[in-house]
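To keep things clear, I will list the structure first and then write my remarks on it.
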Amino acid sequence: YKGSGRSSGKIHLYDLTNSASDYLLGFGGHAGAVGLSLAADQLQNFSRKVQDSAEVYDPRDFIDDSKIPMEVRLEEINQNLMDMIESFAPFGEQNPLPSFTSSARVSVAKELKDGLHFKCSVSSDHKSFTGLFFNVEKEKFLKSIEAQEVQLKFTLSKSYNVMLNDFSIELLCEIAD
């Protein structure tokens, strides 16, 4: 067999693979990636050894820090933050938009696509944004926003209003677990 791997978080993939190198025909790589080959009859031994070696890691080491939302107050969201985020574009699979988390009040402004999507007001005591919620379970979503404040996870997006010839910041939201 031949295979390759990519690491996330703080896992040093080369060292982890090296711990089971007795079962490999060959391998190479670095901390973030590895390629390897092994005989079919060694797959189970290799797998067991890598799993045993991985037990020394804290489970949090397997989490890619870049995927953890940053805590932000709605009052801290402004055009300067948006400009800073946009300076890291283009965004995609290898460069995802940063995600944020915050507590806010959520009230429905408009139901879209038969309750599958919602346009909402997302607010704190001093700031309010349009928040878009996509692919939600209508009843569950409406129940979850009844609380005084809801913990949200979101990314920021610019919205252009043709009538006003103006840009505004929107939040692309989901209810945080």
Side-chain angles (χ1 to χ4, degrees), residues 1-19 27-37 50-51 53-54 56-104 106 109-110 112-113 116-124 126-137 141 144-145 149-162 164-177:
Y1 293 117
K2 289 187 178 189
S4 63
R6 296 248 179 235
S7 179
S8 64
K10 299 177 183 102
I11 305 304
H12 195 295
L13 201 51
Y14 182 89
D15 288 349
L16 190 58
T17 305
N18 191 41
S19 72
F27 81 102
H30 51 82
V34 69
L36 58 87
S37 62
V50 167
Q51 289 174 8
S53 297
V56 301
Y57 289 101
D58 184 306
R60 292 174 293 203
D61 291 343
F62 290 90
I63 299 170
D64 183 350
D65 290 341
S66 69
K67 306 264 192 276
I68 299 173
M70 293 173 273
E71 182 80 33
V72 66
R73 292 186 345 266
L74 294 185
E75 290 78 13
E76 297 171 316
I77 299 171
N78 56 37
Q79 190 58 50
N80 289 337
L81 177 61
M82 193 72 209
D83 290 343
M84 184 174 67
I85 291 169
E86 287 179 332
S87 74
F88 292 99
F91 296 102
E93 186 176 335
Q94 297 301 316
N95 186 32
L97 271 167
S99 60
F100 300 92
T101 184
S102 187
S103 281
V106 178
K110 187 174 185 181
L112 308 168
K113 194 147 179 156
L116 185 60
H117 313 307
F118 286 89
K119 182 176 184 176
C120 297
S121 171
V122 175
S123 61
S124 65
H126 304 288
K127 198 113 180 207
S128 181
F129 293 95
T130 295
L132 301 173
F133 294 80
F134 294 103
N135 301 314
V136 299
E137 295 177 37
F141 173 73
S144 70
I145 65 171
E149 284 198 343
V150 179
Q151 190 68 25
L152 300 175
K153 179 182 172 188
F154 55 89
T155 58
L156 303 179
S157 176
K158 264 190 181 176
S159 174
Y160 179 67
N161 184 320
V162 175
L164 299 175
N165 191 29
D166 192 29
F167 286 96
S168 62
I169 299 171
E170 288 183 335
L171 311 182
L172 305 179
C173 303
E174 60 186 66
I175 305 295
D177 294 328

Legend entry - Reported CD1-to-CD distance for the pair Ile169 and Gln79, which is rounded to 0.5 angstrom: 5.0 Å
Legend entry - Flag for Asn165-Tyr160: side-chain donor and acceptor within less than 3.5 Å: yes
Inset, instruction - Drop me the distance from Lys119's NZ to Phe134's CZ, to the nearest 0.5 angstrom. - result: 10.5 Å
Legend entry - Min side-chain heavy-atom separation Ile175-Ile145 under 4.5 Å: yes
Inset, instruction - List the atom of Ala54, the atom of Leu16, and the distance in Å for their closest heavy-atom pair. - result: N-CD1, 3.7 Å
Inset, instruction - State whether the side chain of Ser53 and the backbone N or O of Val50 hold a donor-acceptor pair below 3.5 Å, judged by distance alone. - result: no
Legend entry - Side chain Asn161, main chain Ser168, donor-acceptor under 3.5 Å: no
Legend entry - Close side-chain approach of Ile77 to Leu171, heavy-atom, < 4.5 Å: yes
Show me, pair by pair, the donor-acceptor contacts under 3.5 angstrom made by side chains of residues 151-158, not counting sequence neighbours?
| residue | atom | partner | partner atom | Å |
| --- | --- | --- | --- | --- |
| Gln151 | OE1 | Ser103 | OG | 2.8 |
| Gln151 | NE2 | Thr101 | OG1 | 2.7 |
| Lys158 | NZ | Glu86 | OE1 | 3.4 |

Legend entry - Leu116 vs Val136 side-chain heavy atoms within contact, under 4.5 Å: no
Inset, instruction - For the residue pair Arg73 and Ser124, establish whether any side-chain heavy-atom pair is separated by less than 4.5 Å. - result: no
Inset, instruction - Nearest 0.5 Å please: distance from the CG atom of Asn18 over to the CG atom of Leu13. - result: 11.0 Å
Legend entry - Close side-chain approach of Cys120 to Phe141, heavy-atom, < 4.5 Å: yes
Inset, instruction - Working to the nearest 0.5 Å, report the span between CG of Leu74 and NZ of Lys127. - result: 8.5 Å
Inset, instruction - List in chain and number order the residues that pass side chain to side chain contact (heavy atoms under 4.5 Å, CB included) with Ser128, two or more places apart in sequence or in another chain; answer none if no residue qualifies. - result: Ser121, Ser123
Inset, instruction - Can you measure from OG (Ser19) to NE2 (His12) and round to the nearest 0.5 angstrom? - result: 12.0 Å
Inset, instruction - Count the heavy atoms belonging to other residues, nucleotides or ligands that lie under 6.0 Å from CD of Glu76, then report whether that count exceeds 12. - result: yes
Inset, instruction - Apply ring-ring contact (aromatic ring centres under 6.0 Å, His included) to the pair His30 and Tyr14, showing each step before the final yes or no. - result: CA-CA 5 Å; His30 51 82; Tyr14 182 89; 8.8 Å; no
Inset, instruction - Can you establish whether the number of heavy atoms outside Tyr57 located under 6.0 Å from its atom OH is more than 12? - result: yes
Legend entry - From Ser37 atom OG to Phe27 atom CZ, the distance as rounded to the nearest 0.5 Å: 10.5 Å
